[in-house]
Amino acid sequence: MTTTIDDNSVMVSALYDLDKVSKTYIFGGTKVYALKEATLRIGSGEVVSIEGPSGSGKSTLLLLLGVLDNPSAGTIAFDGKNLTSARDAELTKMRRETIGYVFQQFNLIPTLSARDNVGIAMVPHHVSKAERDSRSTALLEQVGLGHRLDHLPSSLSGGEQQRVAIARALANKPRVIIADEPTGNLDSKSGGEIISLLTGLQKTDGVTIVIATHDEDISRHAYRKIRMKDGEIVDDVVLQSEQPNGNHGDKNA
Ligand SMILES: Nc1ncnc2c1ncn2[C@@H]1O[C@H](COP(=O)(O)OP(=O)(O)OP(=O)(O)O)[C@@H](O)[C@H]1O
Ligand SMILES: [Mg+2]
């Protein structure tokens, strides 16, 4: 595990450690930076919002943190392990066990009930049907949907569908939740409730949460706010003095 010493000489551990990470595309014969030399540390148990205008690189950064894409340059370490040199099998295991994903589109299976949409995430882990059902029920109760277990996605509101997606993201007890514009398809009230639910998971489950949004009103719920512009991190501030794990969220810490 990577450790460092912050301003108060407290040892803090970095869950993510990004060193000059870039993602480039060739467009019309020219190299375009979707992400440019991002150097960033995220501590275990931090709640981080990533904001910035459309095209600023938020999704690109989240795809890299979610191990769903590879950087063009630079290194990403997770829990002290360099992901750039990790084998495919290890990365697949991480995607299944360590990281939970929540997207703007809820990506639920339309023909499955809320409970089965959560339970299906446990199938690769050979969890029995009875165990899947009981864990899915508990997770749906946790996100406030204990009364909607047998509903199909089409008979749930947008906010309820996103709650199912969050329960599904929690199915395998992840260490990190990566949420890309999770409120993008919701009205502001449901959106606020989803953000409260997500940020609350840090306290109840000790999960590290990274949320991309361009809704500044919503990102004020997060402890740490990273602002992006044109593929670069231009600001990184901690909004509340108390980080859950005592980490002050300083990217240079
Ligand atoms: N596969 C790709 N090929 C070429 N360019 C890409 C690709 N993916 C992203 N880009 C470019 O990278 C830049 C950053 O895109 P990204 O999706 O990360 O932005 P974003 O901040 O998530 O925007 P939004 O708020 O609209 O979701 C954009 O200019 C985009 O066009
Ligand atoms: Mg995006």
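Note that the numbering runs from 1 along the sequence shown for the chain. As the structure lists them, so they are numbered: ligands from 1, and atoms in each ligand from 1. Values below: all heavy atoms of this structure, side chains included; hydrogens, waters and symmetry mates excluded. A quick note: this is a predicted structure, and the numbers were derived from the prediction, not measured.
In summary, Glu193 and Arg163 engage in a salt bridge, as defined by a charged side-chain N under 4.0 Å from a carboxylate O. With respect to the salt-bridge test (charged N to carboxylate O, under 4.0 angstrom), the residues Lys81 and Glu90 qualify.
Contact annotation: Met228 has no heavy atom less than 4.0 Å from any atom of ligand 1. Not a single heavy atom of Ala212 sits less than 4.0 Å from an atom of ligand 1. At a 4.0 Å cut-off, not a single heavy atom of Gly52 sits close enough to ligand 1 to count as contact.
Here is the list of ligand 1 atoms found below 4.0 Å of a heavy atom in Ser59: 17 (O), 18 (O), 20 (P), 22 (O), 27 (O). The distance from ligand 1 to the heavy atoms of Pro53 drops below 4.0 Å at these ligand atoms: 21 (O). In the vicinity of Thr60, heavy-atom distances shorter than 4.0 Å reach the ligand 1 atoms 14 (C), 15 (O), 16 (P), 18 (O).
Residue contact annotation: Ser54 places no N/O/S atom under 2.8 Å from the Mg ion (ligand 2).
Closer than 4.0 Å to atom 4 (C) of ligand 1 lies at least one heavy atom of the protein. Contact annotation for atom 10 (N) of ligand 1: protein present (non-hydrogen atoms, distance under 4.0 Å).
The structure places CG of Asp205 at 4.5 Å from CD of Gln142, a figure rounded to the nearest 0.5 Å.
Under the 4.5 Å side-chain heavy-atom criterion for ILVMFWY residues, a single connected hydrophobic cluster contains both Ile166 and Leu149.
Looking only at side-chain heavy atoms (C-beta outward), Ile177 and Val210 stay at 4.5 Å or farther from each other.
When non-hydrogen atoms are compared, ligand 1 lies under 4.0 Å from neither the backbone nor the side chain of Lys23.
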